[in-house]
Structure formats: structure tokens, C-alpha cells
Amino acid sequence: MTVTVLPEVAGTSRATLRRNFWRGVWRVLRRKPSRMAGVGIVALFALMGAFGPLLYPANLPRDDNALYAPPSLAHPFGTDFEGTDVLALVVTGARYVLLTGLATAFITVALGTAIGLFAGFRRGRWDTALMRLTDLNLAIPGLPLLLVLSTVWKFTSPLEMGLVLGLLGWGGVARAVRSQTLSLRERGFIEAARGLGLPTRHIVGRELLPSMAPYIAMNMLIAVTGAVYAQVGLFFLGVLPFEANNWGVMLNLAVFSGGALTTPAALPYLLAPLLAILLLTLGIVLIVDAMDEIFNPRLREE
């Protein structure tokens, strides 16, 4: 006897599963106020990156009579060495930081997941070759290579920076995904799929990949924070083009030009980008904590 599932029934079932999933996500987020705070922080930075530059003119106004002005209602974080509002610099600089982080995370996770899945599932010579390539990627000294590249490549676009950071950072994800794949491929549902003669594309795309989706999503969020640290560090070292509203450049000018470590005048100029980096990292960490419970049935039951 053959049972036929109507497309309408299958579509309704998928819609119900999606609704139940998002209801579960909402319950997990509400369980701890800190998780809601994390979502709010990340949403705030997303809005800053998307609309922040639209709130200010292309050339931010300067006030020669208010150099390193202390925090006030007009300037919540004071002004910089040119009399420019520090809050405006942080807001307009968020777009470059976030776009670089997202581009890095996408490339890192896409390459690492594809290579790890293929190597772990096929095994044999493909596994050996791809893991040697992964070892080579892990052995590349990232910071010295970026310093050398910065002499010939100015990284004027955040996508260019994200491309380089992503190509340098996929090795760890590939190794971890391969380990997960080697474990999952021996499970009963994978053996059943192979026994039914399902194509490799179906097994990898419909069976293996969904099982690793939580791990991949968390790695993507963590890759964003790594990219933020890497790019801010390069701008802080002064090896990339000067942009006054970049968080790393702000740190560089506050420390080496404003003397923020020895005089309190430039301290708000130093603390503003540091606070932005800290809040962004905190928001991502809180969301990762929520995702761990969302995708882990044992934690949901506790």
C-alpha cells in the first residue's frame, strides 16, 4: 500500500514546524533577560551599520574651539582632536566593522563547512588531500601575512578585508566540521539513507548539514567577533589607510596622538570605541548562549 503525501499537506507541515521552532526560540530568549539584552545589542549595532552613516553628513562637522571637549549633552562621549563628535565617529564607523565581520564569517563558514563535509563524508584520498590543505591554512601566520599584504593592498572596501580574513580563517572550522561529519556518517539515519540509494548531494544537504546547523551558526557568530578584533588591531597598528571614523584608528589616535594613557582629556575618545567593541562582543556571546539551548534538547528540558 502506497501513501501519497499531498503538496499542500507537506507545505502545511513545514509551516507548522517553522512556527513551532520560532515559538521555541522566543521562549528560550525570554527565559533569561540577558539573552534579550544580547539580541537588543546586536540589533542596535545592525541599525547603526545600516542607517548610522545616513544620520550624519559625509564630512562630520568640526569645532576648533572644542578640541577634546569633555562629555556633555551635546557630545555624550566628548570630541576628538579636531573637535568632531566622538559618538558620530563610532556610529559612522560601525558599517565598515560589521560588513567586514559578516563577510569574514560567511567566507570562513562556507569554505570550512564545504571542505569539512566533503572530506569527512568521502574520506580516502580526498580526505587526506583536503586535510593537508587545511593544515597548510592553519600554519599560515595570519598577522605577518596581513602586514605584508597591507603594503600592496589598501583594503579600502570592507569586503576586501573580509575576503582576506575569511581565506585565512577557515581551517579551524573545516577541521571541526570534518570531525562532526565522521561521527554522524556512522549513525543509523545516514546508513539508512545510503541503503536506500539516495544520492550523496541529498545525504549531505538534507541529512548531515541540518544536524550540524547549530554548530555552524555558532561558529559564524564567533567568526564575526574574531574579524572585528583582527581588523581593529590592524587599523590600530596603523598599517591600513587612515579613516578617522574607524574604531581602530580612533584607538590609535587616542593612544599615540592624544596621550589617553597619560592624560584624562582624550580618555573618552579612547573609551568610546572600546565600549562599542565590548558591547558588540557581549551581544554576540549572549546570543550564542541562547543558541546553545535552542538547538540542545537536553538544555531545553532542564
Side-chain angles (χ1 to χ4, degrees), residues 25 28-56 60 69-80 84-106 108 158 161-162 165 169 217-237 240 243-255 258 260-261 264 266-294:
V25 170
V28 169
L29 291 175
R30 286 191 307 172
R31 190 170 300 171
K32 292 184 179 180
S34 60
R35 294 170 178 171
M36 294 297 294
V39 173
I41 291 170
V42 173
L44 174 62
F45 277 97
L47 291 174
M48 283 172 54
F51 304 107
L54 302 178
L55 302 177
Y56 298 96
L60 296 176
S72 62
L73 291 177
H75 306 292
F77 290 98
T79 61
D80 68 353
T84 304
D85 183 48
V86 173
L87 179 60
L89 293 172
V90 172
V91 171
T92 55
R95 176 175 292 182
Y96 188 103
V97 173
L98 294 177
L99 283 178
T100 301
L102 290 174
T104 301
F106 178 80
T108 298
M161 173 69 76
L165 292 176
M218 286 188 284
N219 268 277
M220 190 165 187
L221 288 174
I222 294 171
V224 172
T225 61
V228 170
Y229 296 149
Q231 61 174 305
V232 169
L234 288 171
F235 277 104
F236 175 74
L237 293 174
L240 296 178
E243 291 184 20
N245 62 345
N246 183 279
W247 296 353
V249 173
M250 292 174 67
L251 294 174
N252 177 288
L253 294 175
V255 172
L261 300 181
L267 194 57
Y269 186 38
L270 172 69
L271 293 179
L274 285 178
L275 181 61
I277 296 170
L278 174 63
L279 282 176
L280 178 59
T281 304
L282 177 63
I284 291 174
V285 168
L286 293 175
I287 291 178
V288 169
D289 172 63
M291 291 178 63
D292 193 20
E293 183 173 338
I294 289 169

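Remember, it's a predicted structure, so these values are computed and weren't measured experimentally. The figures here come from the full heavy-atom set of this structure, side chains too, leaving out hydrogens, waters and symmetry mates.
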Are Asp85 and Leu60 close enough, and set up right, to give a side-chain contact (heavy atoms from CB on, under 4.5 Å), and what steps lead you there? CA-CA 8 Å; Asp85 183 48; Leu60 296 176; over 6 Å; no
I want to check something: taking the side chain as every heavy atom from C-beta on, are [X] and [Y] in contact at a cut-off of under 4.5 Å?
{"X": "Pro158", "Y": "Met161", "result": "no"}
{"X": "Phe45", "Y": "Val97", "result": "no"}
{"X": "Lys32", "Y": "Asp289", "result": "yes"}
{"X": "Ile287", "Y": "Val39", "result": "yes"}
{"X": "Leu280", "Y": "Val228", "result": "yes"}
{"X": "Trp247", "Y": "Ile277", "result": "yes"}

Non-hydrogen atoms of [X] and [Y] that approach each other most closely:
{"X": "Pro273", "Y": "Val90", "answer": "N-CG2, 4.2 Å"}
{"X": "Ala266", "Y": "Gly258", "answer": "CB-O, 3.6 Å"}
{"X": "Val86", "Y": "Ala272", "answer": "CG1-CB, 3.4 Å"}
{"X": "Ala227", "Y": "Gly101", "answer": "CB-CA, 3.7 Å"}
{"X": "Leu286", "Y": "Ser34", "answer": "CD1-O, 3.1 Å"}
{"X": "Ala50", "Y": "Arg95", "answer": "O-NH2, 2.7 Å"}

Drop me the distance from [X]'s [atom1] to [Y]'s [atom2], to the nearest 0.5 angstrom.
{"X": "Phe106", "Y": "Leu102", "atom1": "CZ", "atom2": "CG", "answer": "11.0 Å"}
{"X": "Asn246", "Y": "Thr92", "atom1": "CG", "atom2": "OG1", "answer": "9.5 Å"}
{"X": "Thr281", "Y": "Ile284", "atom1": "OG1", "atom2": "CD1", "answer": "6.0 Å"}
{"X": "Asn252", "Y": "Phe235", "atom1": "CG", "atom2": "CZ", "answer": "11.0 Å"}
{"X": "Gln231", "Y": "Thr100", "atom1": "CD", "atom2": "OG1", "answer": "4.0 Å"}
{"X": "Met250", "Y": "Leu271", "atom1": "CE", "atom2": "CG", "answer": "10.5 Å"}

Checking Phe236 now: which residues fulfil ring-ring contact (aromatic ring centres under 6.0 Å, His included) with it, not counting sequence neighbours?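 Phe236: ring-ring contact (aromatic ring centres under 6.0 Å, His included) contacts with Phe256.
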Could you walk me through whether Leu89 and Thr84 pass side-chain contact (heavy atoms from CB on, under 4.5 Å), step by step? CA-CA 8 Å; Leu89 293 172; Thr84 304; 4.0 Å; yes
Mind checking side-chain hydrogen bond (donor to acceptor under 3.5 Å, both in side chains) for Tyr56 and listing every partner two or more places apart, or none if nothing turns up?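 So Tyr56 forms no side-chain hydrogen bond (donor to acceptor under 3.5 Å, both in side chains) with any residue.
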Contacts of Thr79 that satisfy side-chain hydrogen bond (donor to acceptor under 3.5 Å, both in side chains) - sequence neighbours left out: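 Partners of Thr79 by the side-chain hydrogen bond (donor to acceptor under 3.5 Å, both in side chains) criterion come out as none, since no residue qualifies.
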